[in-house]
Amino acid sequence: MLVPVADSAKSPLSSLTWPVRTERLEIRWATPPDAEATWRYRRLEAVNRWLTRAPATLEAYRAHFEDPESLAKTLVVERGGEVIGDLMVSLEDAWAQVEVAERARGVQAELGWALHPDHAGRGYATEAVRELVRLCFEDLGLRRVTANCFADNEASWRLMERVGMRRELHTVRESLHRSEGWLDGMGYALLADEWRARR
Ligand SMILES: CC(C)(COP(=O)(O)OP(=O)(O)OC[C@H]1O[C@@H](n2cnc3c(N)ncnc32)[C@H](O)[C@@H]1OP(=O)(O)O)[C@@H](O)C(=O)NCCC(=O)NCCS
């Protein structure tokens, strides 16, 4: 098993065996040298237009990528030995009333993704995210996964729908985009029992 610099004891991903293989892809926990490979596409405006961060330089990008908290929730997607994308799996507590809050700790995850545009349109993101969802429910035993995006990021919410996620939110001008101002948002989710029922 490949153990990244991230404090492995803190990440639930440390309980899993890496890499994970799908029909066409290999998914593994990110390591610091993956900064360069992921920067190749994350530096592109077509990709970072929708992402939380758009660092101006590789150095600034690397500083965040290599942060142990960030690495602990980052996976990379390889095709034939080349990094073509990355995934985020961020464990969260569910909202709960105080008396039962302990039972709601770490029961769900927010998911995220980015794919090199050279590899878009071939179902690779779908294949990788389907595996990530399986891993969240079967291997990590989570009860719910979520994902959010700007409403205008149609490629992203269509991906959520392809992997079986359900639209729960369409917010109105509540998300601030760095150049486009206040935009609508989309929120999707999938429960473990919904996912199991469909299999
Ligand atoms: C979101 C993102 C990962 C989606 O990428 P994508 O290429 O559309 O998704 P996939 O790799 O699953 O490919 C799906 C497409 O391939 C087609 N396809 C071909 N073979 C396929 C297969 N075997 N399985 C599924 N789809 C297949 C699908 O029909 C679909 O095409 P369409 O868009 O014309 O309908 C990509 O647009 C991206 O990285 N965007 C920038 C970063 C970003 O926005 N991240 C999310 C922030 S919230």
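Nothing fancy with the numbering, it's 1 onward along the sequence. FYI, side chains are in, hydrogens and waters are out, and symmetry mates aren't considered; it's all heavy atoms of this structure.
The ring pair (Phe, Tyr, Trp, His ring centres under 6.0 Å) check on H177 picks up W50, F150, with sequence neighbours excluded. Partners of F65 under the ring pair (Phe, Tyr, Trp, His ring centres under 6.0 Å) rule, at least two apart in sequence or in another chain, are Y61. A search for side-chain hydrogen bond (donor to acceptor under 3.5 Å, both in side chains) contacts involving T171 returns E174, not counting sequence neighbours. Under the rule for a side-chain contact (heavy atoms from CB on, under 4.5 Å), the partners of T126 that lie at least two apart in sequence or sit in another chain are R130, L159, R162, V163. Not counting sequence neighbours, the partners of H119 by the ring pair (Phe, Tyr, Trp, His ring centres under 6.0 Å) test are H116. Legend: residues meeting side-chain hydrogen bond (donor to acceptor under 3.5 Å, both in side chains) with W195, ordered by chain and number and at least two apart, are absent.
Side-chain atoms of D67 never come within 3.5 Å of backbone atoms of H64 as a donor-acceptor pair (strictly under, hydrogens ignored). D86 places no side-chain N or O within 3.5 Å of a backbone atom of L75 that could act as its donor or acceptor partner. No donor-acceptor pair closer than 3.5 Å links the side chain of R79 to the backbone N or O of I84.
Looking at heavy atoms from C-beta onward, R28 lies in side-chain contact with V76 at the 4.5 angstrom threshold. Side chains of R21 and E131 form no contact here, defined as non-hydrogen atoms less than 4.5 Å apart. Within the 4.5 Å cutoff, side-chain heavy atoms of L190 are placed close to those of M165. Taking 4.5 Å as the limit, every side-chain heavy atom of E78 sits out of range of all side-chain heavy atoms of P19. Residues Y188 and C149 fail the side-chain proximity criterion, which asks for heavy atoms closer than 4.5 Å. Using a 4.5 Å heavy-atom threshold, the side chains of R143 and L191 count as touching. Counting heavy atoms from C-beta on, the side chains of V107 and R144 never come closer than 4.5 Å. At a threshold of 4.5 Å between non-hydrogen side-chain atoms, the residues R42 and R53 do not count as touching.
Using modelled atom types, one finds no donor on one side chain facing an acceptor on the other under 3.5 Å when comparing W29 with S14. Side-chain polar atoms of Y41 and D118 form no donor-acceptor pair below 3.5 angstrom. For the residue pair E127/T22, the side-chain donor-acceptor check at 3.5 Å is satisfied.
Cluster membership for I27 and M88, using ILVMFWY side-chain heavy atoms within less than 4.5 angstrom, is not shared. Both V133 and Y124 sit in one connected hydrophobic cluster of ILVMFWY residues. Membership requires side-chain heavy atoms under 4.5 Å apart, directly or through other members. Following chains of ILVMFWY side-chain contacts shorter than 4.5 Å, one cannot reach L169 starting from M160, and the two form parts of different hydrophobic clusters. Both L91 and W113 belong to a single network of hydrophobic side chains, linked directly or stepwise wherever heavy atoms of I, L, V, M, F, W or Y lie under 4.5 Å apart. If you chain together hydrophobic residues whose side chains sit under 4.5 Å apart, L87 and L16 fall into the same group.
The two residues L115 and A120 have their closest heavy-atom pair at CD2-CA, 3.7 Å. Between S11 and A72, the shortest heavy-atom contact is OG-O, 3.1 Å. Considering all non-hydrogen atoms of both residues, V89 and C136 come closest at CG2-SG, 3.9 Å. Closest of all the heavy-atom pairs between A37 and V83 is CB-CB, 3.8 Å. Closest of all the heavy-atom pairs between A109 and L142 is CB-CD1, 3.5 Å. Pairing each heavy atom of N48 with each of A54, the nearest pair is CG-CB, 3.8 Å.
For the atom pair Q108 CD and T146 OG1, the distance stands at 6.0 Å (nearest 0.5 Å). Atoms CG and CZ, on D34 and R62 in that order, are 11.5 Å from each other to the nearest 0.5 Å. To the nearest 0.5 Å, the span separating OG1 on T74 from CD on E69 amounts to 11.0 Å. The CG atom of D152 sits 6.0 Å away from the CG atom of L183 when rounded to the nearest 0.5 Å. How far CH2 of W39 is from CD of E59: 8.5 Å, rounded to the nearest 0.5 Å. We find the CG-CD distance between L25 and E23 to be 9.0 Å, quoted to the nearest 0.5 Å.
The residues D139 and R134 are annotated as salt-bridged, a charged nitrogen and a carboxylate oxygen being separated by less than 4.0 angstrom.
Shown here is R178, whose CZ atom has more than 12 heavy atoms of other residues, nucleotides or ligands within 6.0 Å. More than 12 heavy atoms of other shown residues, nucleotides or ligands fall within 6.0 angstrom of atom CZ in R105. Crowding of R103 atom CZ: a count of heavy atoms from other residues, nucleotides or ligands under 6.0 Å not exceeding 12.
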